[in-house]
Structure formats: structure tokens, C-alpha cells
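In what follows, a structure is listed as C-alpha cells, so that the remarks can point back to it.
Both ligands and their constituent atoms are indexed starting at 1 by order of listing.
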Amino acid sequence: MITKPKGTYDIYNDDAKYYNYIMDVFKTIANYYNYNYIRTPIFEATELFHRSVGETSDIVSKETYDFKDRGDRSITLRPEGTAGVVRSFIENKMYGEVNQPIKLYYAGTMYRYERPQAGRYRELTQFGVEVLGSDSPLMDAEVISFAYRALEEIGIENMIVKINTLGDAESRENYRNALIKYLEPHLDDLCSDCKNRFKTNPLRILDCKVDKESTILKNAPEILDYLNEESSKRFEKVLEYLMNLDIDYEVDSSIVRGLDYYSNTVFEIVADLPELGNASTLAGGGCYNNLVENLGGPKTPCVGFATGIDRLIILLKEQNKEELKDNLDVYIMAVNEEERITSLKLAQDLRWCEIKTEMDTLNRGLKAQFKIADRLNARLLVILNSEDLKKGLITVKDNLTKEEVKIDENEIIDYIVSNL
Ligand code: HAM
């Protein structure tokens, strides 16, 4: 038997219901917040991710799926969605459009060669938004509000926004120097990855999963003490707006994010949920004011977030949401050919009246059809009977009230519509 690749899974049955439900909620909210849909390719030139997510990030250095195509081009399966959106923004000259800022949302699979565990996959699905062309702290607050309220809407409880700022370039440079000075004498006590990070990108050390609990990192200088006035004021504005929006947040200076493109506000939404173990981060994002320029476009401030749909499916399944259980409006029962012909036509008519309808196609006996209708949670049973059909009558049984009536076949659709 050929099995699925490690770190992937099939979405079907309940998972499929939760998946569609979550996507529908996010798309509806994207419309309320006035974001437009964008779809970019699942594979892009490898260089795009090296220049955006960053050579020194774990994602690019250890986790990408890279291959040469038949034309000997270096291709990478996208590990995240921001880089592709920015590439598209530049390539399609969206910066020249009249309606600025450009507000986009996307949903799709991403690929990271991670060690699979609960809530951590090699093929993952993200929903994300990117706003290109606004540097206002209002925009940061809008994006955080979108993420937070959407997660709330799908039913996630006990969440908190962990927020930090990486400041502007000057603040980051000051902080970087202070961090290097502080960490240098402790280098021998850090893991081998961190020793490399020290040379390439010392801020990344704060994000280390191995050294997370070490006192060296706990006592490290904090970025908030190295912000210049402008960065500090901007961050305070974002916090003020979040307070005003009644969003539960906590300033956490250890949030530096695992991708290199961030500046100013960075945030993660974390749920207090044991079932997700160390995969409890539901969404992450922030500002990336230099990425468009680094990829060859005009200087454009941006902000966005992405959430992991697979983790949300796990959480919703735990909650066993009532409204997502199987249910059917009508089940039509027929046992002979004449009844089956009527059943096929009636099912078509009902479905086109937006009524969720099922009928038997396996020649089951009546008893078995009652059983299956129960299992499907059918509200109304339409019981066809040749004798009644000759008189132009159809029996309808209401599974809720247990009432059974015979209806004129010309009025059956109206009757069903008005009784659901
Ligand atoms: P990220 O933090 O790498 O950010 O991923 C966002 C979310 O995707 C995570 O919070 C998590 O829920 C989910 N996720 C990540 N890796 C996995 C995995 N292996 N399995 C399951 N879920 C996973 C980004 O990707 C940025 N592009 C977000 C962003 C958009 N920043 C600005 N705009």
C-alpha cells in the first residue's frame, strides 16, 4: 500500500467540515474588513525565500523543500505566504494602483520540513492577510483585531496576543550591539545553533527552542530599552489602540519571530491549550517595512499575519461543535422503480430550493432507509409509496414533532420549504 508522506494528512469527514467552516469564517471576515483575495503559486524561485524569510532563519536553513525543475531552475515549495504576495505586489506594480493601501488575503498550503508532532506538519494550511502601503499604527491594530476576532468567532477561548516591537533600523542596530556585547562572554554555554546565530543574526538567539529556559537568555537585555523615541511612541500607540479595541494583550520581549523580514510591531496569538503542546501559537505576524524594497520594489511599509488552520481544526474537534454535526433537511424513501423516479426528480427540485436532500441509491429496504435517515439526522422524511402516488399524494414525517401528513404532490415543495 502506498501511504501518505510523513508530516502530511488527509482532510476528510469531520476534519473537512471544520476546515470548510474555518475557511468560510475567515473569508467572511476578510470581506467585512475589506481585504481582496490573492492566489500566488505554491512554488517560487528559491531565491525569493532566501532574500525574504532569510538565509539564517530556521525555515530557510533547515526546512524548505528545494528542487531543480526540468529546466534546471532552483525551485522551492513556499514555506509561507508573505514572500509570494510581496513578489506579486512588485511584479504586478500594485504600488501604482489608486486604492492604497493594498489589502490582500490568501489561503493555501505551505511546506516546511519540520519534525512532525501534534499541530506541526510538513504540509500545513495557512490563512493570512497582508497590507502593503501603510505605516500607520492603526493598521497594525486592524490586523491584530482581524486575527483575534476571527479566532474568537470560530470559537477559540483563552487566547492572548503576545506583542513586542523590533523598532526601526536604528533601534535594532543599538539593540543588536548591546546583545552581542552581553552574549559574547556566555557563548560556550549556548547550543551549537545559537553559536552560529551569534555570527549571522544574534536576535534569532532569543527565539531558540533549546536555550529558551536558560538564565543567560532570561537576563539578556530587552529591545524595549533600546528603542529610539519614534519607535517607542509608535509602539505605545499600537498598545493604546489594542486597549481601546478590548483586545487581551501582553508585552513579551521574547517575541522576535522566526522570519528575518520583520521590523516594528511583531505579535503572536497564543492559546492556553494543553492539547497543542508546544504548538500553541495559533497566529503570528507583524510589520515588515523593508521587504518590498529588498526584493526590488519601491519602499513600502507593510503589515500582516498568518494563522495555522490545521491547529484550529484540532481545537474545534476537541470542542465538538454542535452546529457542525451531520444533519440533513430531507431524506426521501423509495423502494420500487416508480418511486425511485419520483424520488430522483423530487430530490433535484428540493436541492435547487437550497434544501439539503438525500435519497437511497443502494436499493435498501425501507427499514434500512429509516436507519440511515436517522444516522444522517434528517429533519423531514419523505416516504414515497406507489399506491399514494397514483392518488397524487406523498407522505411527509417530521422527525422532530413525529407528525405524519399526506400532502398533494403539487404542493410538496411549498410544504417542505415552509416546514423547515
Ligand atoms: P509563522 O509564524 O511562521 O508566520 O506561521 C504562522 C502560523 O502558521 C503559526 O502561528 C502556526 O499557527 C502556523 N504554522 C507554522 N508552521 C506550522 C506547521 N509546521 N504546522 C502547522 N502549523 C504551522 C508566517 O508564516 C508569516 N508569513 C506570517 C506573516 C504574514 N507575517 C506577516 N504577514
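- No donor-acceptor contact under 3.5 angstrom links the side chains of Thr215 and Asn219, judged on distance only.
- For ligand 1, the atoms closer than 4.0 angstrom to any heavy atom of Gly284 are 10 (O), 28 (C), 29 (C).
- In terms of polar-atom proximity, Ala306 is not counted as a contact of ligand 1, lacking any N or O under 3.5 Å from an N or O of the ligand.
- Only the side chain of Glu114 comes within 4.0 Å of ligand 1, judged by heavy-atom distances.
- Contacts between Leu124 and ligand 1 below 4.0 angstrom, taking non-hydrogen atoms only, involve the side chain exclusively.
- Contact annotation: for Val303 versus ligand 1, there are no heavy atoms closer than 4.0 Å.
- For atom 1 (P) of ligand 1, the closest non-hydrogen atom on the protein side is Arg257 NH2, 3.5 Å.
- Annotation: side chain of Ile255 is not in contact with side chain of Phe267 (no heavy-atom distance under 4.5 Å).
- A salt bridge links Lys237 to Glu240: at least one charged side-chain nitrogen sits closer than 4.0 Å to a carboxylate oxygen.
- Residue contacts with ligand 1 for Phe305 involve N, CA, C or O but no side-chain atom from C-beta outward (heavy atoms, distance under 4.0 Å).
- Residue-level proximity to ligand 1 for Gln126 is carried by the side chain, the only part with a heavy atom below 4.0 angstrom.
- Ring geometry for Phe305 versus Phe127: interplanar angle of 30 to 60°, hence tilted.
- Salt-bridge check for Arg234 with Asp140: passed, with a basic side-chain N closer than 4.0 Å to an acidic carboxylate O.
- Of the N or O atoms in Tyr261, one or more lie within a sub-3.5 Å distance of an N or O in ligand 1.
- Side chains of Met333 and Lys397 form no contact here, defined as non-hydrogen atoms less than 4.5 Å apart.
- For ligand 1, the polar-atom distance check finds an N/O of Glu80 within less than 3.5 Å of one of the ligand's N/O atoms.
- When the options Gln117, Arg78, Arg112 are ranked by their closest heavy atom to atom 3 (O) of ligand 1, first place goes to Arg112.
- With hydrogens left out, the protein atom closest to atom 21 (C) of ligand 1 is Gly119 O, 3.2 Å, a heavy atom.
- Taking only nitrogen or oxygen atoms, main chain and side chain alike, Gly308 reaches within less than 3.5 Å of ligand 1.
- Side chains of Thr56 and Ser61 form no contact here, defined as non-hydrogen atoms less than 4.5 Å apart.
- Between the side chains of Asn31 and Thr28, no donor N or O sits under 3.5 Å from an acceptor N or O.
- Taking each of Tyr106, Tyr121, Tyr262 in turn, the one with a heavy atom nearest to atom 20 (N) of ligand 1 proves to be Tyr121.
- Summary of contacts: the protein heavy atom closest to atom 12 (O) of ligand 1 is Thr281 O, 3.0 Å.
- Neither the backbone nor the side chain of Phe127 has a heavy atom within less than 4.0 Å of ligand 1.
- The shortest contact between atom 33 (N) of ligand 1 and any protein heavy atom is with Glu130 OE1, 2.8 Å.
- For the salt bridge (charged side-chain N to carboxylate O under 4.0 Å, His left out) with Asp193, the lone residue among Arg204, Lys199, Lys62 that qualifies is Lys62.
- Of the heavy atoms in Ala283, only backbone atoms (N, CA, C, O) come closer than 4.0 Å to ligand 1.
- Between Phe146 and Tyr33, the ring-plane angle classifies as tilted under the 30° and 60° cut-offs.
- In this structure, the side chains of Val60 and Glu63 stay at 4.5 Å or more apart for every pair of heavy atoms.
- Taking the six-membered ring where the residue is Trp, Tyr175 and Tyr226 present tilted rings, their angle falling between 30° and 60°.
- Atom 22 (N) of ligand 1 has as its closest protein heavy atom Arg311 NE, 3.5 Å.
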